[in-house]
Structures are given as structure tokens and as C-alpha cells.
4 protein chains.
Amino acid sequence: MPPTKAPDSSRRSDRSRRAIHDAALALVAEVGYRRTTIEGIAARAGVGKQTIYRWWPSKAAVLMDAFLDLAGRTAEEAGTGPGDGEEPPAADPPGGGAPGFPDTGDLAADLKAVLRATVDELNDPVLEAVTRALTAEGIVDAKLGDEFVRKLLDPQLALYVTRLRAAQEAGHVRADVEPRVALELLVGPLMHRWLLRTLPLTHAYADAVVDHAVGGLAPRP
Amino acid sequence: MPPTKAPDSSRRSDRSRRAIHDAALALVAEVGYRRTTIEGIAARAGVGKQTIYRWWPSKAAVLMDAFLDLAGRTAEEAGTGPGDGEEPPAADPPGGGAPGFPDTGDLAADLKAVLRATVDELNDPVLEAVTRALTAEGIVDAKLGDEFVRKLLDPQLALYVTRLRAAQEAGHVRADVEPRVALELLVGPLMHRWLLRTLPLTHAYADAVVDHAVGGLAPRP
Amino acid sequence: MPPTKAPDSSRRSDRSRRAIHDAALALVAEVGYRRTTIEGIAARAGVGKQTIYRWWPSKAAVLMDAFLDLAGRTAEEAGTGPGDGEEPPAADPPGGGAPGFPDTGDLAADLKAVLRATVDELNDPVLEAVTRALTAEGIVDAKLGDEFVRKLLDPQLALYVTRLRAAQEAGHVRADVEPRVALELLVGPLMHRWLLRTLPLTHAYADAVVDHAVGGLAPRP
Amino acid sequence: MPPTKAPDSSRRSDRSRRAIHDAALALVAEVGYRRTTIEGIAARAGVGKQTIYRWWPSKAAVLMDAFLDLAGRTAEEAGTGPGDGEEPPAADPPGGGAPGFPDTGDLAADLKAVLRATVDELNDPVLEAVTRALTAEGIVDAKLGDEFVRKLLDPQLALYVTRLRAAQEAGHVRADVEPRVALELLVGPLMHRWLLRTLPLTHAYADAVVDHAVGGLAPRP
DNA sequence: GAGTAAGCGAGACGGTACGTCGTGTCTTATC
DNA sequence: GATAAGACACGACGTACCGTCTCGCTTACTC
């Protein structure tokens, strides 16, 4: 059990929770993560600081919840939208809801569609600030990083695994390839460029990564 | 003209510079980057705060200099050491400049040697703290990130480019492959695992990445 | 009409009232008035904060009620006790209302008995903390001070007035002396020493004060 | 030696010290002691909070220093004023400078002059707030009370002692009277009325106290 | 060799944010 | 409808660092 008693979450104010999420996201977008303070979030949300400290252990945790909440809401809207077309639903890192990954039978094409969408998302200036902040925080703080991976990243990556297993069954990928490794062959290079800003992150780059990686995964001739 | 008059670096105290480097590295190792403060560094180094502010713009800049200095000294020691063997000198991210990249003619083997060395370095608990801190800082602060890439990363990556060009000329890699892209196919997955701690970073993983990537880069049969 | 609707005191929980009194007195004795908080009293009494706020306007008011209650109970016990002796029942500041002031015909002796008892009470370490706290609060807060004087002090002082008037009638005190002034000549010096801690408060001091004061009040020779 | 090292008082900013004094006195006069906060004093003085915490242990200590400083300045002005007349220089509690106590040979008259001046001061609305606050604080906090007595009260009372000794030598007061006790016979009643607000504090009251007290101190006929 | 100007150690300063505590109000569920 | 419990907005607390500033002191360089 925790050293000090936990608050009663059934009495939690939903109004405050939402206001805090909104304020946090808005402030990060406006002034950046570094200059976003808990005090600032509280003031902007019209909330006492204690209400933040009662429910979150750190600024990063607030932002992460806010981000997850945003992703959830976005996904919900997308899900309840009108009968969506058949083409590129993509796997949004923030949420990405249920269906996720296309499977047209053409692995390379499917991967390109998804990675291009990922590139677009990583280049979105609003999401970028928050995602960078959370990633950076997770790199240094293992606890937070784990949560980040578990809640945000793994659900996405699981979709890759599913698609890759299907490709293996269809004989487009060698059976001895570990899907978790294959997936990193695709996602790793994108992250590398995005995080380190070595070179521009473009659709063409995504395509090249897919081409090379799929070449290495295909059955030996 | 300079906006404010710059200090005269010829009169700079080398003694203080070194003490600051040492204190910064020691503190990051002991208490972590977050809890390392400029005041703490100054106190530990027996130095006035102004001496730090005079020569560096931020805590991250101090640490980066300290890290580069450490790398330089380490490389120097390695270079002035006794006649070192011929095989795996590896490309240490922190420095390691001189000897560079093995070229035995077997691309996969050479890459495995280098990536295994990189894995070992990333798993070194002392270097890890500093490297993570600087990487995380660079992810959020573009200016610092550029410097990080320029001074630390690019020299390493250039060695990959050289080796890959040699492989292209030897016909082991297709001519239409862009070396900068190929390189990221190798390094990206490692960074992904290391930064996000999704799965353990092992020699076996390095080998698998090389095998898959080289498969995708090789000339079509 | 009342500004905001007052609570229905007929439904008030006597159990809570007593628990609050006890908790308040105990906390003041244990940690001092400053560090006694309404939250602390509520927690200690096993009572909701609102129950305190409903019936008292301030921490000082709670403590004052508790003190009066204590005095009342103490007095009651004294009154219902076994046949008490005849001599020095004293006029306890905290209650002691009933029996009142000795009148042996010797004014100086009677005053000495009473003032010595007062000295003892002011030196009692348990009562001291509470009395000091209430006095200090009353000095700064006029409203509270009035209540303090009206409920606690005046009943005591009235006994002096009675005794002094008797002395005037007996010809031991000049007729042109205002009893309220005479009384302060006796009580003022004691309070001065006690409140300001200039010098120790002893029986000898009480005697000296009485001797000098009675000398000044006696009929001119 | 103290547990944490003391600041270097030779480098203290006099400008800040004065600004803090002024702000403290102004705030107490404007909003009262209770609602005066250290934060408020710092803001009003244009000073960092730490500058207050560096030099004073509490709000009360700040106010006390401010009060002493004010008294010192007031006394200085009075001292450097034009050739002051001979009659009632009075012994101002705040400061009271050098000369202090009149000695016309008529003890009762001298005491009346001084006590009337004291009455006037205690009725001065500006000084009253500060004096009440400090007194109340000193009643509860023994450490502060001691300082209050030592720095503010004792110097004043010493003047009474001197005057009373002179009266003893002149044969107007019995030799067996302890001046410290005699003095409290005069000052105690005034303080009693002022602190507890039992009855109005007037010149007539001061005169009555003096008359009765001096009667009690005079040699037996 | 004296004069002078910079770097230096030290640390006080005006600030900002921290994370905690207590206030007085409000809400929920129980009796 | 009073109560125990406690979440809430708010305000102040006392602390930690920030980056700037002023002190003497030491250490070159200039005249």
C-alpha cells in the first residue's frame, strides 16, 4: 500500500480534470514544454494547484494523460463519423482507435501508407511539441518512459505485429523473422530522423525505408 | 559587432574549465541530470557561478562540452596506447574518431562488430546517464540538438557512409541505395530500442538488424 | 432577519461539541495555539470540518468556548465536592464563579489570598498555554477581546469590586476611590509581569503589590 | 555555531532593509498584522522573499526591527530638532531617545506627565496596531517576547527606575520599596486597560493611578 | 615596477516555481 | 437536516535555483 492514503477517485471532479488537460495542451502548444509550469496550468484551468498534485505526480504525467485523453477523443470522433471510405485509415499514434492497419495483401504498399501517415503526424506542428516533450521526458525518466511506451506506443506497434504475422502466413515474409524486430526496422529509422533532426522526414524517405526493409524480410529467392 | 562584449578567452582559467567539466559529469552520474544544477556544479567545482555563466549558455551546454572533452581525452588515451590489435577498434560514439571503421570485405561482419560495440556502449551505465540526458535535451531544444548531432553524431555516421560506399563499389550493396538511408536502417532500430526501452538491447539484436538490413540492401539476385 | 440562515441549534450534536472542545484543548496543550488548526481539531475529534465551521466563526472562538466549558465543569466539580473548608476558595479566573471572594475583615489579607491564588493559576503550565493564546488573540482582535473580557474577566473583576465596596463601607478604603481603578492597581501589575515575562511572578510579589496598593487606598491619616 | 551558515552581513543591502521596514509598517497600518504576509511585504518592497528569509526568522521579527528602526529615526529627528523647551519631553516607548524622564522634584507631577504621554501614544491609531501586534506575538512566543522586552520595554522602564531611586534619595518614597515593583504599580494598570480594553484609557485615569500609587509608596506619616 | 583591467571566488539580490499546508465552501452519502 | 468525510479554489508558506549584480582578490599585460 502507498505511504500516504490515496484520494477517493469516485469523488473526482471531471470538470477540473478536463480543464487541466485542456490548459496543459494549450500551454505546451503556446509556450513550449519547458516554460509550461504546473502553476501556469492550474491558473489557466481555474483550478487549485493541489487539485493537480492530488491526481498527478508530475507535469509530464499531466501532459501524458492529457495527450491520451485527446487521442481517445479524437479516435472516438473518427469512429463515430460517417461511413468512412475504404482507403487509408492509418494508425494514428495518438489513439488510432480500433481498426488500425490496412491489409490489401500488398505488404509494401500497406506499410508505406501507414508510415506516410506517421510522417505526416510527426510533422504536424501541434502534435510535435507535445510528442517531443513526452518522448524526451521518457528517455530520461524510466518510469514515465515505461508508461509512455505501454499506453501510447505498444498499442500502435501491436498493429504492425499483426500485419506482419499475416504477411508471414501469406508467405511474403520469412517465417524466421521476429515481427518485433521487423517492425523496428521500419519504425526505428523514422524515429531516428525525427528525434535527431538529421535530415528531413518525408514521404519519399518512408517509401525508401519500406522498400529496403521489406527487401530484407522477404523470403530468400 | 558583438551584441555584448565577449569575454577574453585567452585569459580563461583552464583549471576552472576542467573542474567544471569534472563536477558536471560527476553530478550527473550521481544524482541524474534533472537534479544537477548550475549552482551545484559551481559549488562542487569550487568555482563562482559567474564563471560558468560567462562561458556557457546553459547547463546542457556545459554537460555537452564536458562530454566532448571526456571523449577527446578517452580517444587520446586509446590513440597513445600500445600497438593495438587489428580487428575491432569500433566506432565509439564519444570520440573514437581516428581509427574508424573496420573493412574486412565482409560487410555484414563489419557492421555486426560495430553495432555490437555500440550496444555495449549504450549499455554502459556511466555513459548512459549523460548520453540520455543530452539526447533528451536535444530532442526538445533544436539548437542544442543540432550541436549534438554536428559534434557527436555526424562524425560517427560519416564512417558508416564511407564503409557503405566501399561496399557499393565492391558490389555488395546496390548502387541506387542512398548511404544515409541505409545507415539509418542499421542505427535507427538500435536507437529506438535504447531510447524507448521497449526490449533489451543485445548483441543478438544487433546481429538480427544487420542481417535483415543487409538483405534489403544487397543486389537483387 | 438573519443574513444567512442559521443552523438549528436544537438538533446540534452534543457529542460532537464535547469532542471538539476536548480536541481543541488537547491540541493547544500539545503543540501550542499557533500550530493548532481547525483541520487538526476536526481530525482529532473525529468530526467533519463543516461541523466546526457551522457553529464557530474561528479557531479562537472554539478555544474560548472550550475554555469556558472547562471552567464551568471545573467549578461544578468544586461546588458539588465534599464540604469544603472555609478559608481560601479563591476566585479562579477560569470559572470559579460561585463562592467568590473571602471577606475576613482584613482587606490586605483577603487580597493577598486571592492574588496568590491567581499567581498559582497563571503559573500552571496547562492553563497558561490556553490563557496566553486567548489573551493574545483578544489583544489583536477587538471583537474576540470583548467577548473574552465579558465572559471570563468581568465576572472575576466584579468580585473585587464587591469586596472593595465593602472595604469602603467599613472605612478601610477612602470613599473617593473608584473601585474599578483600585482593582486595576492590584491586578494590572500581576498581568504585566505575567504577560511580558519581565520578572518572576511569585507570592512575594503579590504580597508586595497588595501592601503598596492598599497603602495608597487607605484613608489619609 | 548555527546549523546552517549565516549570511555575510557586511554585504547586506541597506536599500532592501529599509524598503522592507517601510513596507512592513505600511502594510500593518493598512490591512492589519494578520493579513500582512511576508509575500506581501516582499512584493511591496520590491524585494525577493529570500531576502527577507535570509535576515529575519519570522514576520514578527521583521516588524519588530522595523518598529525599532522607526523609533530610532523618530528619536534622532527629535534629538536634532531645534532647542526644545524645558517641560514635558516624555519617554516615548518607541525610542524615547536620551534624556527621557523629567525630574522637577515633584514625583507625582513628573509621573503624571510621563504616563499621560504614554496614554497618548497608546491611543495613537498608527502606533497602536503595530504595538498590539508585537505585544500579542510576544505573549505567545517567549523568544520574541524576550526580545521585545529587552529592546523596547526595558530601556523605558529603566528610566522609571532612575527617577524612583532619585525620589527615594529625596525621601519621597520609602527606602524599602523595590523600584521595579513600584514601577509596575504605575505601568501595570495602564497596560491592563489598554491590552484588555476594559475601560477607556484617559489622562484622568493616568492621574488617578499615579495618585493612588504614590500614596502607597510615600513614607508612613 | 607600478598601474590597470580582466577573470575569478563568493554570495547577495530580484525573481519564478516548487510542493505543502491550511482556510472556508461545497458536495456526497449516512444516519 | 445535521453529520463524517473529503474534494475543491485559493492563498501563503518556506525552499531551491535561476541569471544578474557587486564585492575583494589574484593574475596577467601595458606603460
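Note that the structure is a prediction, hence the values are computed from the model and not measured. Chain A is the first sequence line, chain B the second, and so forth, proteins listed ahead of strands; every chain is numbered from 1.
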For [X] and [N], give me the distance from atom [atom1] to atom [atom2], rounded to whole Å.
X	N	atom1	atom2	answer
Ile38(A)	dA9(F)	CD1	P	15 Å
Asp8(A)	dA4(F)	CG	C1'	13 Å
Ile41(B)	dG19(F)	CD1	P	11 Å

Flag the pair [X] / [Y] as yes when at least one side-chain heavy-atom distance between them is below 4.5 Å, and no otherwise.
X	Y	value
Tyr33(A)	Arg132(A)	no
Ile20(B)	Val47(B)	yes
Arg54(A)	Thr51(A)	yes
Lys151(A)	Asp65(A)	yes
Arg17(C)	Asp69(C)	yes

Neighbours of DNA chain F within residues 137-147 of chain B, by heavy-atom distance under 4.0 Å:
none
Which residues pass the side-chain contact (heavy atoms from CB on, under 4.5 Å) test with Leu134(C), sequence neighbours left out?
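Leu134(C): side-chain contact (heavy atoms from CB on, under 4.5 Å) contacts with Leu63(C), Met64(C), Phe67(C), Val130(C), Phe148(C).
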Which nucleotide wins on minimum distance to the side chain of Trp55(B), given the candidates dT23(E), dG14(F), dC8(E)?
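When the side chain of Trp55(B) is considered, dC8(E) is the closest of dT23(E), dG14(F), dC8(E).
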Test: Glu39(A) and Lys59(A) ion pair at under 4.0 Å:
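Not counted as a salt bridge, because no side-chain N and carboxylate O are separated by less than 4.0 Å.
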Output yes when Arg44(C) and Glu30(C) qualify as a salt bridge under the 4.0 Å nitrogen-oxygen rule, no when they do not.
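Here Arg44(C) pairs with Glu30(C) in a salt bridge, since their nearest N and O are under 4.0 Å apart.
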Any cation-pi pair here, Arg11(C) with Trp55(C), using under 6.0 Å and within 45°?
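Not flagged: Arg11(C) not positioned over aromatic ring of Trp55(C).
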Lys59(A) or Ser58(C), whichever maps to the more 5' nucleotide of DNA chain E:
Lys59(A)
On DNA chain E, nearest-nucleotide positions of Glu39(B) versus Pro57(A): which is more 5'?
Glu39(B)
Smallest separation among heavy atoms of Val62(A) and Ala24(A), with atom names:
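Heavy atoms of Val62(A) and Ala24(A) come nearest at CG1-CB, 4.0 Å.
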Between Ala19(C) and Ala45(C), which heavy-atom pair has the shortest distance, and what is it?
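Minimum heavy-atom separation between Ala19(C) and Ala45(C): O-CB, 3.5 Å.
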Mind running a 4.0 Å heavy-atom check of residues 12-36 of chain D against DNA chain E and sending the residues that fall below it, in number order?
Arg12(D), Ser13(D), Ser16(D)
Contacts to DNA chain E from residues 46-54 of chain B, heavy-atom cutoff under 4.0 Å, which residues?
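Within residues 46-54 of chain B, the residues near DNA chain E are Gly46(B), Val47(B), Gly48(B), Lys49(B), Thr51(B), Arg54(B).
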The contact string for nucleotides 23-31 of chain F, one letter per nucleotide 5' to 3', using protein heavy atoms under 4.0 Å with B, S and - for base, sugar-phosphate only and none, comes out as ----B----
Does atom CZ of Arg12(B) have more than 12 heavy-atom neighbours from other groups under 6.0 Å away?
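Yes, because the 6.0 Å sphere around CZ of Arg12(B) holds more than 12 heavy atoms from other groups.
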Considering residues at least two apart in sequence or located in another chain, which fulfil the side-chain hydrogen bond (donor to acceptor under 3.5 Å, both in side chains) criterion with Arg18(A)?
Asp14(A)
